[in-house]
Amino acid sequence: MFAAERRQLILEMVRANGAVSLRELARVVQTSEVTVRRDVRALEAEGLLDRRHGGAVLPGGFTRESGFPQKSHLATAEKTAIADLAAGLVEEGEAIVVGAGTTTQELARRLARVPGLTVVTNSLLVAQALAHANRVEVVMTGGTLRGSNYALVGSGAEQSLQGLRVSRAFLSGSGLTAERGLSTSNMLSASVDRALVQAAAEVVVLADHMKLGTDTMFQTVPTDVITRLVTDEPPAHDDRATTELQALADQGVQIAVAGTQGGAGGPGGEPAPARQQRRDVPLPGPRRQVPGTGAGLRTAAALGEPGTGAEQRARVADLRRR
């Protein structure tokens, strides 16, 4: 493929998806990341796109949100590795909330094997992934369907979450920075995500390295409310993503990094298989208490109370009856 053809294809991918990693671009055009990086620099010099944290984004400020068909084909190996690692945080008999997104959909597929689990979600994709798991109870919020990401949003979704308490919330988003925390490009999605956060004792963010340092319009979870970040290993040249990870750790976020095999993928441009690897970034000190929360938002296990799973499932009884 000639350089002009490569660059035209790169530009079309960025326009279609809003943001694409160098790893994904290299896989699609079947060349090395070094060559793709050179192409991206040339396109940036022409003002056609912006380089950003190991990838390329649409030019001019905040990134726009891509639809599900586009996002489902991006960073697939990274999402698989992140989901594998995040699933290990979920215990038998737990009650959790899982937000909308392609990474949380991958997580849901792995949660189907956890017995006695109760999952509250506003995502049709998460519910579908768990529909045939006979040992998992799925509780869906109300709301209005947002077709671009198959999620229920609006006042109905938010009201159905009032009074709910679970151990953890697993959320994704469009961007994550140490300064603003997790953010998304859609106001309705952001509002429901904030309601999901209010229901949980701990907040776990699932975000691949392309989202690190990316800021979008609507804040969903401030940094000091994020308990843990599960992400993938940034490319060696991506100093800004590495710096962002350290800044998040400095603010008390526990960070678990799942490794994936880098490069342009396997033979024929197929994605390389995920390689599970966990690397926790050391924390600088004790975690700050989440503002506006008290003992009622801590898990029963942390308080030493018996019957954690049963009590958490009882807490979603009201929601199921609505």
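Annotation: the span from Gln128 atom CD to Arg109 atom CZ amounts to 8.0 Å, rounded to 0.5 Å. Residue Ile82 holds its CD1 atom at 7.0 Å from CG of Leu206, rounded to the nearest 0.5 Å. In this structure, CD in Gln30 is found 9.0 Å from CZ in Arg27, a value given to the nearest 0.5 Å. Gln159 contributes atom CD, which lies 11.5 Å from atom OG1 of Thr141 (distance to the nearest 0.5 angstrom). For the atom pair CD of Gln219 and CG of Asp193, the computed distance is 12.0 Å after rounding to the nearest 0.5 Å. Of the inter-residue distances, the one linking Arg7 atom CZ with Leu49 atom CG reads 11.0 Å to the nearest 0.5 angstrom.
What you find for Asn149 and Ala100 is that their closest heavy atoms are ND2-CB, 4.2 Å. Nearest heavy atom pair, residue Met210 against residue Gly55, reads SD-CA, 3.7 Å. Of all heavy-atom pairs spanning Glu179 and Gln251, the tightest one is N-NE2, 4.5 Å. Scanning both residues, Leu196 and Ala169, for their nearest heavy atoms gives O-CB, 4.1 Å. Taking all atoms of both residues into account, the shortest heavy-atom contact from Ala157 to Val192 is CB-CG2, 4.0 Å. Smallest separation of non-hydrogen atoms from Ala95 and Val166: O-CB, 3.2 Å.
Between the side chain of Arg165 and the backbone N or O of Ala201, no donor-acceptor pair lies under 3.5 Å. In terms of modelled atom types and a separation under 3.5 Å, the side chain of Glu244 and the main chain of Ala178 share a donor-acceptor contact.
When side chains are defined from C-beta on, Arg146 counts as touching Ser189, because their heavy atoms get closer than 4.5 Å. Counting heavy atoms from C-beta outward, Val90 and Phe170 have side chains that approach closer than 4.5 Å. Contact check for Ser185 versus Met217: no side-chain heavy atoms found under the 4.5 Å cut-off. Within the 4.5 Å cutoff, no side-chain heavy atoms of Leu9 are placed close to those of Leu25. Contact annotation: the side chain of Thr231 approaches that of Leu212 to within less than 4.5 Å [non-hydrogen atoms, C-beta and beyond]. Side-chain contact between Leu176 and Leu229 is present, with at least one heavy-atom pair separated by less than 4.5 Å. Contact check for Leu43 versus Arg51: no side-chain heavy atoms found under the 4.5 Å cut-off. Taking the side chain as every heavy atom from C-beta outward, Arg110 and Thr80 approach each other to under 4.5 Å.
A salt bridge links Glu94 and Arg168; the closest N-O separation between the charged side-chain nitrogens and carboxylate oxygens is under 4.0 Å. The existence of a salt bridge linking Arg41 and Glu44 is excluded, since no basic side-chain nitrogen approaches an acidic carboxylate oxygen closer than 4.0 Å. By the 4.0 Å N-to-carboxylate-O rule, Lys79 lies too far from Asp208 to be salt-bridged with it.
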Report task. Assess whether side-chain contact (heavy atoms from CB on, under 4.5 Å) is satisfied between Thr214 and Ser174, documenting all intermediate values. Result -> CA-CA 8 Å; Thr214 299; Ser174 302; over 6 Å; no
Query raised in the report: Hey, mind stepping through Leu182 and Leu171 against side-chain contact (heavy atoms from CB on, under 4.5 Å) and telling me if it holds?
Result: CA-CA 9 Å; Leu182 188 67; Leu171 298 176; 4.2 Å; yes
Query raised in the report: Hey, mind stepping through Thr35 and Arg6 against side-chain contact (heavy atoms from CB on, under 4.5 Å) and telling me if it holds?
Result: CA-CA 10 Å; Thr35 301; Arg6 270 198 327 269; 3.5 Å; yes
Query raised in the report: When you look at Leu89 and Val230, which way does the side-chain contact (heavy atoms from CB on, under 4.5 Å) test go after all the steps?
Result: CA-CA 10 Å; Leu89 301 174; Val230 183; 4.3 Å; yes
Report task. Check step by step if side-chain hydrogen bond (donor to acceptor under 3.5 Å, both in side chains) holds for Ser172 and Lys211. Result -> CA-CA 10 Å; Ser172 187; Lys211 296 176 181 177; 3.1 Å; yes
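With sequence neighbours excluded, the residues that form a side-chain contact (heavy atoms from CB on, under 4.5 Å) with Glu5 are Met1, Phe2. Residues satisfying the side chain to side chain donor-acceptor pair (under 3.5 Å) criterion with Glu158, sequence neighbours excluded, are Ser191.
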Determine all donor-acceptor pairs shorter than 3.5 Å in which one atom belongs to a side chain in residues 119-127; sequence neighbours excluded.
{"from": "Thr121", "atom 1": "OG1", "to": "Val98", "atom 2": "O", "distance (Å)": "2.7"}
{"from": "Thr121", "atom 1": "OG1", "to": "Ser123", "atom 2": "N", "distance (Å)": "3.0"}
{"from": "Asn122", "atom 1": "ND2", "to": "Leu152", "atom 2": "O", "distance (Å)": "3.0"}
{"from": "Ser123", "atom 1": "OG", "to": "Leu125", "atom 2": "N", "distance (Å)": "3.2"}
{"from": "Ser123", "atom 1": "OG", "to": "Val126", "atom 2": "N", "distance (Å)": "3.1"}

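For the side-chain hydrogen bond (donor to acceptor under 3.5 Å, both in side chains) criterion with Arg180, the lone passing option out of Thr216, Asp215, Thr223 is Asp215.
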